[in-house]
Amino acid sequence: MAKVKRARSTSPPDGGWGWMIVAGCFLVTICTRAVTRCISIFFVEFQTYFSQDYAQTAWIHSIVDCVTMLCAPLGSVVSNHFSCQVGIMLGGLLASTGLILGSFATSLKHLYLTLGVLTGLGFALCYSPAIAMVGKYFSRRKALAYGISLSGSGIGIFILAPVVQLLIEQFSWRGALLILGGFVLNLCVCGALMRPITLKEDQTTPEQNHVCRTQTQDFKQASPCSTWTKEWVQTCLCGSLQQEYSFLLMSDFVVLAVSVLFMAYGCSPLFVYFVPYALSVGVTHQQAAFLMSILGVIDIFGNITFGWLTDRRCLKNYQYVCYLFAIGLDGLCYLCLPMLQSLPLLVPFACTFGYFDGAYVTLIPVVTAEIVGTTSLSSALGVVYFLHAVPYLVSPPIAGWLVDTTGSYTAAFLLCGFSMIFSSLLLGFARVVKKMKRTQLRFLAKESDPKLQLWTNGSVAYSVARELDQRDGESVALAMLGSSPT
């Protein structure tokens, strides 16, 4: 396979071909996330055709979401070691094959394997690499670029929801899946747009290249069965993984990861059960599809407007707070949903939930980049979306079990709402603790070095405190001993 030519740039260009990357990512989100969410429109058809209960039928959507997120690190690995173009094109072929084979399914188990595993694997190879590419091309307008890119999910739902319902009525669910399989092949076109770029921080130093070449030559001369060879392989693999996934030891990333688990548990069931819930309160099939369209189009405004607002100077430093604020409001919407039992009441819910859903989805890669940096963004996003896997897998079946057991959707929606609120509160508590720790470190840094007291503006103390904050436990020890950082 010929090597892909990489564009050279010392810093993110914030424009130019970057807007084509945004367009490609926009189409990727339509073909992956929008198609996944539209699977809920097939829910009643699958349940009726195969004569299964809520929990069994819900596994289809769960497996698609789970495999997409579970294999997200695989998408990052393919993108990092080959190219983003190769990963997305391969993913498009797999996803399309899964949908086409699913149209010939004769049982739910066949749908689990084709529509669930195979299509989910294809989506995994496409989603996180495309999002990471946007982060490499944009810095100053990163939130806006992500807002436009991820708005494809909302636009896709707005367009695809009524179209899929029409396809089901005209060609049955089998014909609708077959047509969606052809539509998803557009991912191959999206992959062709993803021109790789090499930033300054991505380039290895000559010393690193020399060490790698020397170790490679020594490895070729070594005996395959020697102990040194095993140590070399272990050292190289572990060193590469440590460098690529060093962010896993960052306390901020650990907190983000835990919060993502609870957030993902809460957000998934709505897109599975919103249409069945609307039908259960007397809404027609067309009106239920219309509600999904509203949810999608308002999601677009959340993506773009929240991304634009958080790029403004007044909110640039508060993107983390805006992220947890949006998650918390979505949780509150969940708590109100069981009381809304008519179309005029469900429309405002769809607008509110859709807006803040688009808002926090836009800020996930922005907040992740703020924590780990641009160089590790692809791997970090792979881990973040990987953490969505288990909640996406278990939350719809658990919600379905609650519906089958209680005979209503109230318990399922309340559990999802409290889960998202807890995710928001966890992030807020972690930020408060970090600020308290930073204040304490500034004080300790000032006390540890009497020279800092000569500057009344505090700028030097602030710089030292920032350095100490990055060193975590070591910084506290140095400050307590009264020694300056080396």
Side-chain angles (χ1 to χ4, degrees), residues 69 131 135 142-144 146-147 150-151 153-154 247-248 250-271 298-299 301-337 349 351-373 377 380-381 383-388 390-392 395 413-439 469:
M69 301 307 173
I131 294 176
K142 182 177 292 184
L144 176 61
Y146 274 127
L150 298 176
S151 66
S153 176
F247 57 85
L248 293 174
M250 299 172 61
S251 59
D252 287 346
F253 185 81
V254 172
V255 173
L256 177 65
V258 175
S259 71
V260 163
L261 292 174
F262 290 94
M263 179 269 291
Y265 179 91
C267 70
S268 180
L270 182 78
F271 296 97
I298 299 300
D299 192 280
F301 288 103
N303 288 139
I304 298 176
T305 59
F306 221 72
W308 180 82
L309 285 173
T310 53
D311 263 342
R312 300 303 93 193
R313 185 174 299 177
C314 59
L315 294 177
K316 187 77 172 178
N317 296 326
Y318 300 98
Q319 292 174 332
Y320 187 95
V321 177
C322 293
Y323 170 72
L324 65 91
F325 175 76
I327 294 176
L329 285 181
D330 261 1
L332 291 176
C333 290
Y334 255 125
L335 301 184
C336 299
L337 182 56
F349 167 82
C351 293
T352 307
F353 188 93
Y355 182 84
F356 289 107
D357 178 73
Y360 78 74
V361 167
T362 295
L363 292 181
I364 287 176
V366 177
V367 171
T368 305
E370 178 184 336
I371 293 174
V372 306
L377 181 59
L381 282 176
V383 173
V384 168
Y385 293 127
F386 169 82
L387 293 173
H388 285 67
V390 174
Y392 277 6
S395 57
F413 290 152
L414 291 180
L415 181 60
C416 293
F418 284 123
S419 179
M420 297 192 77
I421 291 173
F422 178 77
S423 174
S424 177
L425 292 177
L426 178 63
L427 291 171
F429 178 75
R431 179 52 63 97
V432 171
V433 170
K434 184 177 180 179
K435 284 190 175 182
M436 293 174 61
K437 179 182 176 182
R438 183 174 295 175
T439 303
D469 189 25

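Along the sequence shown, residues carry numbers from 1.
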Within residues 414-425 or reaching into it, pairs that qualify as salt bridge (charged side-chain N to carboxylate O under 4.0 Å, His left out) - sequence neighbours excluded: none

Intermediate values then yes/no, side chain to side chain contact (heavy atoms under 4.5 Å, CB included), L270 and L337: CA-CA 10 Å; L270 182 78; L337 182 56; 3.8 Å; yes

Closest heavy-atom contact between T368 and L256? OG1-CD2, 3.9 Å

Out of curiosity, S268 OG to H388 NE2, how far, rounded to the nearest 0.5 Å? 9.5 Å

Which atoms form the tightest heavy-atom contact between A264 and S395, and what is the distance? O-OG, 4.5 Å

Kindly say whether S419 contributes a backbone atom to a donor-acceptor pair with the side chain of Y265 at under 3.5 angstrom? no

Summary of ring pair (Phe, Tyr, Trp, His ring centres under 6.0 Å) pairs that have at least one residue in residues 416-436, sequence neighbours excluded: F262-F422

Take L332 and F356 through the test side chain to side chain contact (heavy atoms under 4.5 Å, CB included) and record every step on the way to the result. CA-CA 11 Å; L332 291 176; F356 289 107; over 6 Å; no

Check for a donor-acceptor pair, side chain of T439 on one end and backbone N or O of K435 on the other, with a separation under 3.5 Å. yes

Can you run down the side chain to side chain donor-acceptor pair (under 3.5 Å) pairs that involve residues 355-365, sequence neighbours left out, and say none if there aren't any? R37-D357, N303-T362, T305-Y355, D357-Y360

Return the set of residues passing side chain to side chain contact (heavy atoms under 4.5 Å, CB included) with I131 (not counting sequence neighbours), or none when no residue passes. C25, Y127, Y146, L150, P365, L381, Y385

Can you name the nearest heavy-atom pair linking I327 to M420, along with the distance? CG2-O, 3.4 Å

For side chain to side chain contact (heavy atoms under 4.5 Å, CB included), just list the numbers for Y323 and I364, CA-CA rounded to whole Å, side-chain angles, deciding distance to a tenth of an Å, and then say yes or no. CA-CA 8 Å; Y323 170 72; I364 287 176; 3.6 Å; yes

Taking S423's backbone N and O only, do any of them form a donor-acceptor pair with S259's side chain (distance below 3.5 Å, no angle check)? no

A side-chain contact here means heavy atoms from C-beta on lying under 4.5 Å apart; do V390 and L261 qualify? no

Between V367, L427, L329, L363, which is the residue that forms a side-chain contact (heavy atoms from CB on, under 4.5 Å) with L324? L427

Pairing residues for F253 by the ring-ring contact (aromatic ring centres under 6.0 Å, His included) criterion, not counting sequence neighbours: F247

Going by the rule side chain to side chain contact (heavy atoms under 4.5 Å, CB included), which residues pair with C333 if we only count those two or more places apart in sequence or in a different chain? F349, T352, F353

Checking side chain to side chain contact (heavy atoms under 4.5 Å, CB included) for the pair L335/I421: CA distance, chi angles, key distance, verdict? CA-CA 10 Å; L335 301 184; I421 291 173; 3.7 Å; yes

